[in-house]
Amino acid sequence: MKIGLIGAGGISDTHARAAAGIDGVRLVAVYGANRTKAAGLAAAHGAAACDTLDELLAHPLDFVIVGSPSGVHAEHAIAAVRRGVHVLVEKPLDTTSARIDELIAEADGARATIGVCFQDRLTPDLLEMKRAIDAGRIGTPVSISGRVAWYRPAEYYANSRWRGTWRLDGGGVLMNQAIHTIDAMLWMFGPVARVIGRAATRLHRIEVEDTASAVLEFENGALGTIAASTASFPGSPRRIEVTGTKGSLVHEQEARPALVADPTPHRRLIEDFIAALRNGRPPACGGREGRRSVALVEAIYRSSRSGGVETP
């Protein structure tokens with residue numbers, strides 16, 4: 001399998017290291033807005049450094065991994081699928097459901113597969129939680145809560161051209177850090193019918209929120225809550241708690257650093273995407289599934305602005 005990387009930041013380095021651990025996968029080309037970073041990443045993996053996206057897409061590729069800033073994910077993915085190239089896109093799929101819809105339509109027309117990097121769907125403990133819920137082992141789902149109480153220093157935002165901006169980050173802690181937890185909650189309990197939420201900027205000098213909370217009403221009647229922050233010093237484990245009429249389940253994961261040291265979860269994602277392409281099945285998270293978390297975050301933002309109940 002020949003792959004290309006769009007974006008040359010920290011997450012693309014993680015994807016490159018993950019791909020390097022898979023037999024039969026070769027990184028062919030790298031394109032990033034920062035030419036120096038792109039050249040360094042390409043050199044480290046024996047790939048070509050490309051000055052333009054068109055130059056990257058001119059290479060024979062089985063798929064590309066999009067790790068550019070969130071606000072241009074759909075733009076870059078659309079350019080790939082128009083060439084008939086499959087795309088595995090870093091979370092979120094984009095920062096607006098409208099642009100995601102454009103991408104899905106383009107991919108459908110080109111018969112290209114979209115995958116979204118929600119590695120929680122392949123984490124063994126969370127997979128077991130999902131299976132327990134689906135098998136009815138907790139009875140009727142009653143409630144689910146997600147907590148992402150992390151801390152990011154000022155430099156995390158100040159040293160980035162895109163983090164903490166509406167244009168390229170699309171939001172703050174909800175759209176960036178907590179999107180994994182939000183996707184996992186939707187994956188486990190299904191669609192949300194109504195939501196009321198609040199978002200605030202409590203610490204950082206950024207355009208978007210660093211703290212948010214929301215109450216969710218799922219279509220199946222269960223209730224949920226999400227609480228997220230990057231202003232919670234010193235940070236605590238990410239937590240998902242599920243309750244049902246016959247049992248409860250809890251999963252905790254240590255607060256994730258800004259840079260990913262272990263590429264194993266991303267290797268699972270790439271392996272799953274390759275298997276999906278070879279076997280003609282959907283990936284762990286496809287385009288329409290990946291859209292749901294973004295639509296829910298958008299609804300929380302609307303609710304925070306309006307003060308009322310919103311529908312994703």
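Residue indices begin at 1 and follow the sequence shown.
- Under 3.5 Å, the side chains of H251 and E241 contain no donor-acceptor pair of N or O atoms.
- Between G164 and D169, the closest heavy-atom pair is N-OD2, 2.9 Å.
- More than 12 heavy atoms of other residues, nucleotides or ligands shown are found within 6.0 angstrom of CZ on R35.
- In this structure, R163 is positioned above the aromatic face of Y156, its NZ or CZ under 6.0 Å from the six-membered ring centre and within 45° of the axis.
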| task | I would like to know whether D120 and R238 meet salt bridge (Lys or Arg N to Asp or Glu O under 4.0 Å); could you show each step before the answer? | result | CA-CA 12 Å; D120 282 354; R238 186 162 67 107; 2.9 Å; yes
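- Here the side chain of D62 pairs a donor or acceptor atom with the backbone of K2 at under 3.5 angstrom.
- Looking at R194 and E310, no side-chain N of the basic residue comes within less than 4.0 Å of a carboxylate O on the acidic one, giving no salt bridge.
- Of all heavy-atom pairs between G115 and P283, the closest is CA-CG, 4.0 Å.
- Between G7 and S12, the shortest heavy-atom contact is O-OG, 2.8 Å.
- Using cut-offs of 30° and 60° for the angle between ring planes, the H204 and Y151 rings count as tilted.
- Side-chain contact between I114 and L103: present, with at least one pair of heavy atoms (C-beta onward) separated by less than 4.5 Å.
- A side-chain donor from one of D262 and T264 sits under 3.5 Å from a side-chain acceptor of the other.
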| task | Might you work through the side-chain contact (heavy atoms from CB on, under 4.5 Å) test for F63 and I274, ending with a clear yes or no? | result | CA-CA 9 Å; F63 66 95; I274 291 170; 3.8 Å; yes
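- Dense packing is recorded around CZ of R83, with more than 12 heavy atoms of other residues, nucleotides or ligands lying under 6.0 Å away.
- Contact of the V294 side chain with the T96 side chain is not registered, since no non-hydrogen atoms from C-beta on lie closer than 4.5 Å.
- When atom types are taken as modelled, the side chain of D94 and the backbone of A74 share a donor-acceptor pair closer than 3.5 angstrom.
- Tracing side-chain contacts under 4.5 Å through hydrophobic residues (I, L, V, M, F, W, Y), one reaches L277 starting from V25; they form part of the same cluster.
- Here the closest heavy-atom approach between residue L61 and residue L56 is recorded as CD1-O, 3.6 Å.
- The two residues T165 and V208 come nearest to each other via the heavy atoms C-CG1, 4.0 Å.
- For the 3.5 Å distance criterion, the side chains of T243 and S143 qualify, holding a donor opposite an acceptor.
- Of all heavy-atom pairs spanning S97 and E298, the tightest one is OG-OE1, 2.7 Å.
- Here the two rings, on F233 and W150, have centers that are 6.0 Å apart or farther.
- With no hydrogens or angles considered, no side-chain donor-acceptor pair links T14 and H266 at under 3.5 Å.
- A distance-only check finds a donor-acceptor pair linking the side chain of E209 to the backbone of V173 [under 3.5 Å].
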| field | salt bridge (Lys or Arg N to Asp or Glu O under 4.0 Å) between D272 and R268, worked out | value | CA-CA 6 Å; D272 172 82; R268 291 192 198 109; over 6 Å; no
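- Across R292, R121, K91, a single residue satisfies side-chain hydrogen bond (donor to acceptor under 3.5 Å, both in side chains) together with D183, and that is R121.
- For the pair M188/L126, a side-chain contact is recorded, criterion being any heavy-atom separation below 4.5 Å from C-beta on.
- For H73 (side chain) and S68 (main-chain N/O), a donor-acceptor pair under 3.5 Å exists by modelled atom type.
- The residues R288 and D101 are annotated as not salt-bridged, no charged nitrogen and carboxylate oxygen being separated by less than 4.0 angstrom.
- With hydrogens and angles disregarded, a donor-acceptor distance shorter than 3.5 Å links the side chain of S160 to the backbone of W162.
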